[in-house]
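Inspection log for the structure reproduced underneath, given as structure tokens.
Hydrogens, waters and symmetry mates play no part in the numbers below; they use all other heavy atoms, side chains included. Here is how names work: the chains are called A, B, and so on, in the same order as the sequence lines, proteins then strands, and each is numbered from 1.
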Amino acid sequence: MSVRTGIVRMLELLSKAYGRQKWWPADTPFEVCVGAILTQNTSWKNVEKAISRMRKEGLLDASAILNAPAHVLEDAIRPAGFYKQKAQRLKHFCTHTYFNGISQMSLQDARAHLLSLKGIGRETADSILLYAFGKPIFVVDAYTKRIYGRVFEGKDSTALSYEEVRTVFEKALGKNTRKLNEMHALLVEHAKLHCKKSFPKCQGCPLLKMCNFGRNQA
DNA sequence: AACCAGGAGAGAG
DNA sequence: CTCTCTCATGGT
């Protein structure tokens, strides 16, 4: 079975096992951007706390973020960690992003624009493109690389680069926003239930039959 | 009580 | 281009 076929199969199996995901967990496109920055190397649980505190402080708004003193913003997002960096990144994002123009830009231009911003790397940019603006692009994260490595290579991760993994998934699923959205969301769900870093729960794993890592385990 | 979490940037080699 | 270090809180 080719990797391309395997990815299509993966989407079917995960979809059947976990059902339709509702993603990104945010009320507005702007909140998606905030969450994408706050969740950098941070568990979503802690991001929820930070966003909740921002909402309470009325900070879920670009102008409010810009008007707030640094220490106020820092204090609100503290539960998400890296609070000094992230406070700067949020302010920088609010200042320099051509937010309302992104939806009209081509995918390539929009991505280049986001990547040019300090604090917005590939995963954050792609999360924003896909989940805030509905652009057909695939988001690669640590979960994706781990699951990909285990399933297709029998290793705990893959040596493929970010762009290589992204391309493989996009070739398999096509430029279909709904599928790309669902695939990433299902991979995150799957990682939490059956593919944690230290404790893979291979029993009952919906990918067991097609997973090379599963054969090595037991 | 170490280890990990839906990364990104800067610097070195 | 590939490592390595830093940033930092909170859950397990």
Side-chain angles (χ1 to χ4, degrees), chain A residues 10-11 14 18 21-26 29 31-54 57 59 70-97 111-133 135 137-151 155-167 169 180-201:
Chain A
M10 237 164 93
L11 178 57
L14 294 177
Y18 306 130
Q21 306 297 302
K22 48 228 176 227
W23 261 53
W24 180 292
E31 281 187 39
V32 175
C33 300
V34 172
I37 290 172
L38 291 181
T39 199
Q40 289 168 0
N41 200 44
T42 302
S43 68
W44 183 254
K45 197 163 197 172
N46 290 332
V47 175
E48 284 182 318
K49 293 180 183 175
I51 290 181
S52 173
R53 293 168 63 134
M54 286 181 73
E57 301 288 329
L59 289 172
H71 70 273
V72 171
L73 182 57
E74 289 172 2
D75 189 63
I77 68 174
R78 189 170 303 254
F82 302 108
Y83 59 89
K84 291 179 192 170
Q85 271 191 7
K86 288 174 180 176
Q88 286 183 190
R89 289 177 181 183
L90 286 175
K91 279 178 174 288
H92 191 269
F93 179 81
C94 293
T95 302
H96 295 98
T97 305
R111 189 171 199 249
H113 169 57
L114 291 172
L115 288 176
S116 74
L117 304 172
K118 285 167 205 156
I120 308 296
R122 288 170 299 204
E123 183 186 339
T124 308
D126 294 340
S127 295
I128 290 171
L129 290 169
L130 177 61
Y131 291 108
F133 293 97
K135 304 271 189 185
I137 197 164
F138 185 69
V139 179
V140 179
D141 60 7
Y143 293 155
T144 309
K145 286 186 176 174
R146 182 161 71 238
I147 295 171
Y148 182 95
R150 287 187 181 181
V151 170
K155 300 181 299 184
D156 212 51
S157 185
T158 178
L160 294 181
S161 70
Y162 183 98
E163 300 298 341
E164 288 172 331
V165 175
R166 183 170 71 81
T167 300
F169 274 85
L180 296 169
N181 178 324
E182 202 63 14
M183 181 81 252
H184 176 71
L186 285 167
L187 285 175
V188 173
E189 183 67 9
H190 179 61
K192 292 177 179 175
L193 293 178
H194 284 286
C195 215
K196 290 191 175 182
K197 183 159 190 177
S198 307
F199 306 104
K201 270 196 294 188

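- Nucleotides of DNA chain B nearest to A/Ser127 and A/Ile120 differ in position, and the one nearer the 5' end is that of A/Ser127.
- Phosphate proximity of B/dA8 to A/Thr124: present, with a side-chain N or O under 4.0 Å from OP1 or OP2.
- Rounded to whole angstrom, the span from the CZ atom of A/Arg89 across to the C1' atom of B/dG7 amounts to 7 Å.
- Between the A/Ser116 side chain and the A/His113 main chain, a donor and an acceptor come within less than 3.5 Å of each other.
- Atoms CH2 (A/Trp44) and C1' (B/dG7) sit 14 Å apart, rounded to a whole Å.
- Going from atom CG of A/Asn41 over to atom C1' of B/dC3 covers 12 Å, rounded to whole Å.
- Residue A/Lys118 is in sugar-phosphate contact alone, with no base atom involved, counting any heavy-atom pair closer than 4.0 Å across all strands shown.
- When atom types are taken as modelled, the side chain of A/Thr39 and the backbone of A/Gly35 share no donor-acceptor pair closer than 3.5 angstrom.
- The phosphate of B/dC4 (OP1 or OP2) has no side-chain N or O of A/Arg146 nearer than 4.0 angstrom.
- Side-chain contact between A/Tyr131 and A/Val139 is present, with at least one heavy-atom pair separated by less than 4.5 Å.
- Rounded to a whole Å, the CD atom of A/Gln40 is 20 Å from the P atom of B/dC4.
- Nucleic acid contact class of A/Leu117 (heavy atoms, under 4.0 Å, all strands): sugar-phosphate only.
- For the pair A/Glu163 CD and B/dA8 P, the interatomic distance rounds to 11 Å; values are reported in whole Å.
- The CD-P distance, from A/Gln88 to B/dA10, rounds to 11 Å in whole Å.
- The separation between A/Lys86 atom NZ and C/dA8 atom P is 9 Å, rounded to whole Å.
- In this structure, the side chains of A/Leu180 and A/Ile137 stay at 4.5 Å or more apart for every pair of heavy atoms.
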Between protein and nucleotides 9-12 of chain C, what N or O pairs are separated by less than 3.5 Å?
from	atom 1	to	atom 2	distance (Å)
C/dG10	O4'	A/Asn46	ND2	3.3
C/dG10	O3'	A/Lys49	NZ	3.3
C/dG11	OP1	A/Lys49	NZ	2.2

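- Per the geometry, CG belonging to A/Leu90 stands 16 Å off P belonging to B/dG7, to the nearest Å.
- Contact check on A/Arg111 versus A/Asp126 returns a salt bridge, with a Lys/Arg side-chain nitrogen under 4.0 Å from an Asp/Glu carboxylate oxygen.
- At least one cation-pi condition fails for A/Arg166 and A/Phe138: the charged atom is not both under 6.0 angstrom from the six-membered ring centre and inside a 45 degree cone around its axis.
- Counting only heavy atoms from C-beta outward, the side chains of A/Arg150 and A/Pro200 approach each other to under 4.5 Å.
- Within the nucleic acid shown, A/Lys84 comes within 4.0 Å of sugar-phosphate atoms alone, with no base atom in reach, counting heavy atoms only.
- Within 4.0 Å (heavy atoms only), A/Gln85 reaches at least one base atom of the nucleic acid.
- B/dA1 and C/dA8: their P atoms are spaced 25 Å apart (whole Å).
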